[in-house]
Amino acid sequence: MEDKKNPEEEKTARSLNFIEEIIQEDLRNTKNEGRVHTRFPPEPNGYLHIGHAKSICLNFGLGKKYNGKTNLRFDDTNPVKEDVEYVDSIMEDVKWLGFDWEDRLFYASDYFEQLYEYATILIRKGKAYVCDMTAEEISDTRGTPTRPGKESPFRNRALEENLELFSRMRAGEFPDGAKVLRAKIDMVSPNMHMRDPILYRILHTPHHRTGDKWCIYPMYDFAHGQSDSIERITHSICTLEFEVHRPLYDWFIREIGIYAPRQIEFARLNLSYTIMSKRKLLELVQEKRVNGWDDPRMPTICGLRRRGYTPESIRNFADTIGVAKRDNIIDVSLLEFCIREDLNKRANRVMAVLNPIKVILDNYPEGLVEEMETLNNPEDESAGKRKVPFSKEIFIERADFMENPPKKFFRLSPGGEVRLRSAYIIKCESVVKDPVTGEIAELHCTYDPLTKSGMSESTRKVKGTLHWVSVKHAIPAEVRLYDRLFVKDDPDATEEGKDYKDFLNPDSLKTITAFIEPSAVNALPGEKFQFERIGYFCVDKDSVKDHLIMNRTVTLKDSWAKSEKSW
RNA sequence: UGUCCUAUGGUGUAACUGGCAACACAACUGAUUCUGGAUCAGUAGAGUCUAGGUUCGACCCCUAGUAGGACAACCA
């Protein structure tokens, strides 16, 4: 069902975002011979989240829109944090989102030799030097944003000595941390990144791709811009925090004398009631606050996928939020709108009762079972029809009955009539309560045989329509009711003494046993449904033949619940 | 006592590059409906951070403020 056609692509001549304007201006000036080439450059040290999805849609979208290309490149310059597990998950997620890097899968580690060469060019030009200070000393002499730094005593080492030392670093003659290669720029620059930044550090750690070939690794700043240059990326799109790095990248490019991509920064996505920091997400996983990276409450791509989100809905979301430079927090309700909009058109309907109350139809023949025909999706004729068994005893939703209803209550109440979806109109005759708890145990109703769906009398109007499921045909299923992970719209906005974990929603997951109509018995993991009048659900990957597990993706809009709340 | 970036309804993004502020979500009416869903029609909500300036005219340009964000990892 993931592959149904979706008119999402026919974008109504929307105005250009600032990046598209820059690109079109470059195109007008025939910069880069009219080429547009972007890239998505993740570090394989965590799973991708919805914020990355924004960047992926942006980069690949631009590539497609301007008839250009988009590379996938792993910025894998820090072996101590990176792992193939992440490489694999990232490729899976990008593909799932619907993007294709074709034969352009790259790794910064592919360029280690070239980068080393670039470094020696700088050394030869007297623009880089080997520094023997400790990490602490370097940090102490860097100054602060408002105070200038001090020059390293090793700053004026002879060219030859620097060259020799650097090659001995590579040869593994020094332990971790003993030396670094630094650029010689300006220790009093108001831009901290220009204060003789570190280019290479010694790390006797095997790399997931280069094994133990290297024991020195380039810093991100020394690898990223040059990698873009090597790939002849025309527009290097990144998030705002790298704006301050741009002068440094430009300096490298200029001093080394290589092709200059144009870096453009945009504001990263923030979503209300969740967090987007990889570090914090990792923490939630490690501390078992959630059940792994793909826990359906996580804002990760795999979490959203397991939750029941479709790639189309996420792409449409990315398109709707736009791109700009100002900080933003998007309301989750927009994401929810996007998935409802998509699933409304494609999810087959099914009836399921989450919290049952038994209804006995006193005048319905004992033992009779009728097969009620109904539409799989009223929004899509091509989805076809199915049959739902109906019998004397059915379950309805506990919330659909009230003994003393307010005037606007359209559901069942003593003496009241209601339509059972795709079946009959029934009337509530009596209420049976548990003698000890006083809780409603069952309802006795009568049905009107002339009101069967499709029959002439069926046009009779009643205010409410309820979903139901035949007691003896119902399949019990484990249903996982997910809600937002945090109770605070901006969990990162920390008050003193608190952190984001203090705002975790204790009710973000409720597991119940629900009763589902039999047509869903053989549903496969990933299959999506609308439980009529309740919400969208999708079969979890843990689901097995005799134990169906369904995840709630999102509820249906519920204006009744809303008006109830205001009482 | 620094550098850089940003500032438009509740939220996000626009405004033909200087011509009477629009779209989406959210909210609220009403119609319709065998899903209190969907759909349809409609309502309300900002005069564009502030103060000056340029101009016939400023969300847009200039100046100065104010507010928010980023930058001080041998992380990316």
Side-chain angles (χ1 to χ4, degrees), chain A residues 12 14-17 21 41-43 45-46 75-78 80-82 131 133-135 138-139 142-149 176-182 189-195 198-203 216-217 219-221 223-224 239-247 265 267 272 278-279 320-331 333-338 340-341 344-345 349 351 374-375 378-379 408-411 419-423 425 451 453-454 458-459 461-467 489 530-535 555-564:
Chain A
T12 42
R14 189 202 59 199
S15 54
L16 303 178
N17 64 49
E21 273 176 10
E43 183 194 14
N45 69 342
D75 273 343
D76 53 352
T77 55
N78 184 4
V80 319
K81 287 190 179 171
E82 295 152 10
C131 181
M133 290 199 292
T134 64
I138 289 179
S139 165
R142 196 180 337 259
T144 71
T146 54
R147 229 189 299 265
D176 287 5
K179 291 178 171 16
V180 291
L181 182 72
R182 291 230 251 169
S189 168
N191 183 338
M192 297 292 292
H193 298 279
M194 302 299 273
R195 323 244 260 228
I198 292 169
L199 271 27
Y200 268 90
R201 76 290 214 187
I202 300 171
L203 244 34
I216 58 171
Y217 293 94
M219 297 290 290
Y220 171 85
D221 276 349
H224 186 81
T239 45
L240 250 30
E241 66 268 29
F242 294 103
E243 203 152 32
V244 219
H245 297 236
R246 186 164 13 109
E265 307 87 5
S272 63
K278 267 198 211 176
R279 201 205 88 226
T320 307
I321 59 177
V323 191
K325 294 191 76 162
R326 78 181 91 135
D327 293 325
N328 60 79
I329 301 182
I330 310 279
D331 200 317
S333 66
L334 180 60
L335 218 211
E336 293 175 345
F337 166 80
C338 290
R340 285 193 190 106
E341 182 188 42
N344 178 45
K345 290 176 303 199
R349 266 109 250 230
M351 289 193 284
T374 189
L375 252 25
E379 304 288 322
K408 296 276 250 182
F409 189 75
F410 298 161
R411 282 110 101 141
R419 144 114 20 223
L420 291 179
R421 173 123 245 229
S422 308
I425 289 175
T451 58
S453 289
S458 73
T459 51
K461 293 277 182 277
V462 283
K463 282 179 298 185
T465 299
L466 308 187
H467 60 277
D489 63 342
Q530 182 196 97
F531 288 0
E532 288 209 59
R533 304 209 306 132
I534 297 179
T555 62
L556 246 34
K557 274 173 63 173
D558 189 347
S559 41
W560 165 246
K562 202 186 288 176
S563 69
E564 270 282 85

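Scope of the values below: all heavy atoms of this structure, side chains included, with no hydrogens, waters or symmetry mates.
- Here A:Arg147 does not reach the OP1 or OP2 of B:U3: none of its side-chain N or O atoms lies under 4.0 Å away.
- When only modelled atom types and interatomic distance are considered, A:Asp331 and A:Ser333 share a side-chain donor-acceptor pair under 3.5 Å.
- Here A:Glu265 lies out of heavy-atom contact (under 4.0 Å) with every strand.
- Proximity of A:Asn45 to A:Asn78: side-chain heavy atoms (C-beta onward) are nowhere separated by under 4.5 Å.
- Applying the 3.5 Å distance criterion, the base of B:G36 shares a donor-acceptor pair with the side chain of A:Arg411.
- Between A:Lys81 atom NZ and B:C75 atom P the separation is 7 Å, expressed in whole Å.
- Although no hydrogens or angles enter the test, the distance criterion places no donor-acceptor pair under 3.5 Å between the side chain of A:Arg201 and the main chain of A:Gly177.
- The nucleotide whose nearest atom lies closest to any side-chain atom of A:Asn344 is, among B:A76, B:C4, B:G37, B:G37.
- Looking only at distances, no side-chain donor or acceptor of A:Arg349 sits under 3.5 Å from a matching main-chain atom of A:Glu532.
- Between the side chain of A:Arg421 and the backbone N or O of A:Thr374, no donor-acceptor pair lies under 3.5 Å.
- In this model, no side-chain donor or acceptor of A:Glu379 finds a partner on the base of B:U39 within 3.5 Å.
- Residue A:Met133 is classed as a base contact, given a heavy-atom separation below 4.0 Å to a base.
- In this structure, A:Phe531 reaches neither bases nor backbone, as no heavy-atom distance under 4.0 Å exists between it and the strands shown.
- Nucleic acid contact class of A:Asn191 (heavy atoms, under 4.0 Å, all strands): none.
- Across B:A73 and B:A58, the matching C1' atoms stand 45 Å from one another, rounded to whole Å.
- Going from atom CZ of A:Arg421 over to atom C1' of B:G37 covers 10 Å, rounded to whole Å.
- Atom-to-atom, CZ of A:Arg419 to P of B:G36 comes out at 13 Å; the value is rounded to the nearest Å.
- A close approach under 4.0 Å does occur between a side-chain nitrogen or oxygen of A:Arg142 and OP1 or OP2 of B:C74.
- Nucleic acid contact for A:Ser559: sugar-phosphate only, since backbone atoms but no base atoms lie under 4.0 Å from a heavy atom of the residue.
- Each of A:Asn45 and A:Pro378 was matched to the nucleotide of RNA chain B holding its nearest heavy atom; the match closer to the 5' end belongs to A:Pro378.
- Against the 90° criterion about 0, the sugar-base torsion of B:G47 places it in the syn range.
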Close N or O pairs between protein and nucleotides 23-31 of chain B (under 3.5 Å):
from	atom 1	to	atom 2	distance (Å)
B:A27	OP1	A:Lys562	NZ	2.3

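- Note on A:Thr465: every side-chain N or O is 4.0 Å or more away from OP1 and OP2 of B:U33.
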Inset, instruction - Quick one: the dot-bracket string of RNA chain B, using Watson-Crick and G-U wobble pairs with both distances under 3.5 Å, [ ] for crossing pairs and | for bases paired to another strand. - result: .((((((..((((.....[..)))).(((((.......))))).....(((((..]....))))))))))).....
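- The side chain of A:Ile198 sits closest to B:C74 out of B:G36, B:C74, B:C75.
- Comparing B:U17, B:A76, B:C71 against the side chain of A:His193 picks out B:C71 as the nearest.
- Not a single donor-acceptor contact under 3.5 angstrom links the side-chain atoms of A:Arg326 to the base of B:U13.
- In this entry the distance linking CE of A:Met192 with C1' of B:C71 reads 8 Å, nearest Å.
- Taking 4.5 Å as the limit, some side-chain heavy atom of A:Ile138 sits within range of a side-chain heavy atom of A:Ile198.
- Among the protein residues, A:Met351 comes within range of no part of the nucleic acid, since none of its heavy atoms lies under 4.0 Å from any strand.
- Of the P atoms belonging to B:U39 and B:A24, the separation is 12 Å, rounded to the nearest Å.
- The CZ-C1' distance, from A:Arg279 to B:A76, rounds to 14 Å in whole Å.
- Which of B:C71, B:U6, B:A76 sits closest to the side chain of A:Pro145 comes down to B:C71.
- Annotation for A:Leu203 and A:Tyr217: closest pair O-CE1, 3.3 Å, computed over non-hydrogen atoms.
- Rounded to an integer number of Å, the gap from A:Glu21 CD to B:A15 C1' is 11 Å.
- Across all strands shown, A:Val462 has no heavy atoms under 4.0 Å from either base or sugar-phosphate atoms.
- Using a 4.0 Å heavy-atom distance criterion, A:Arg246 is classed as making no nucleic acid contact.
- Taking atom C1' on both nucleotides, B:G36 is separated from B:A31 by 15 Å, rounded to a whole Å.
- Contacts of A:His245 with the nucleic acid, taken as non-hydrogen atoms under 4.0 Å apart, include base atoms.
- Closest contact between the side chain of A:Asn328 and the listed nucleotides B:G12, B:C74, B:U8 involves B:G12.
- With both ends at atom P, the span from B:A38 to B:A27 equals 10 Å, rounded to whole Å.
- For the P atoms, the distance linking B:U50 with B:G9 amounts to 11 Å, nearest Å.
- Counting to the nearest Å, the C1' atom of B:U35 and the CG atom of A:Leu375 are 12 Å from each other.
- Candidate nucleotides B:A14, B:A70, B:C74 were compared by shortest atom distance to the side chain of A:Asn17, and B:A14 ranks first.
- With contacts defined as side-chain heavy-atom distances shorter than 4.5 Å, the pair A:Met133/A:Arg182 qualifies.
- Between A:Arg340 and A:Thr555 the shortest side-chain heavy-atom distance falls below 4.5 Å.
- Side-chain atoms of A:Glu341 do not come within 3.5 Å of backbone N or O of A:Phe337 as any donor-acceptor pair.
- Across all strands, A:Ala135 comes closer than 4.0 Å to base atoms (heavy-atom distances).
- Taking CD of A:Glu43 as the reference point, atom NE2 of A:His224 lies at 12.0 Å (rounded to 0.5 Å).
- A salt bridge links A:Glu243 with A:Lys325; the closest basic N to acidic carboxylate O contact falls under 4.0 Å.
- Taking atom C1' on both B:C60 and B:U17, the two are 8 Å apart, rounded to the nearest angstrom.
- Residue A:Glu243 contributes atom CD, which lies 13 Å from atom P of B:A70 at whole-angstrom precision.
- A distance of about 25 Å separates the C1' atoms of B:C74 and B:C4, rounded to the whole Å.
- Residue A:Phe410 has its side chain nearest to B:G36 when only B:G36, B:A76, B:A70 are considered.
- For B:C75, the OP1/OP2 oxygens have a side-chain nitrogen or oxygen of A:Arg201 closer than 4.0 Å.
- Closest contact between the side chain of A:Trp560 and the listed nucleotides B:U35, B:A70, B:G36 involves B:G36.
- Positionally, the nearest nucleotide of RNA chain B for A:Ile329 lies more toward the 5' end than for the other of A:Ala178 and A:Ile329.
- Base orientation of B:U17: syn, the glycosidic angle falling within 90° of 0.
- Going from the C1' atom of B:C59 to that of B:U33 covers 43 Å, rounded to whole Å.
- Side-chain contact between A:Leu466 and A:Arg533 is present, with heavy atoms from C-beta onward closer than 4.5 Å.
- Side-chain atoms of A:Pro247 and A:His193, non-hydrogen and from C-beta on, never get closer than 4.5 Å to each other.
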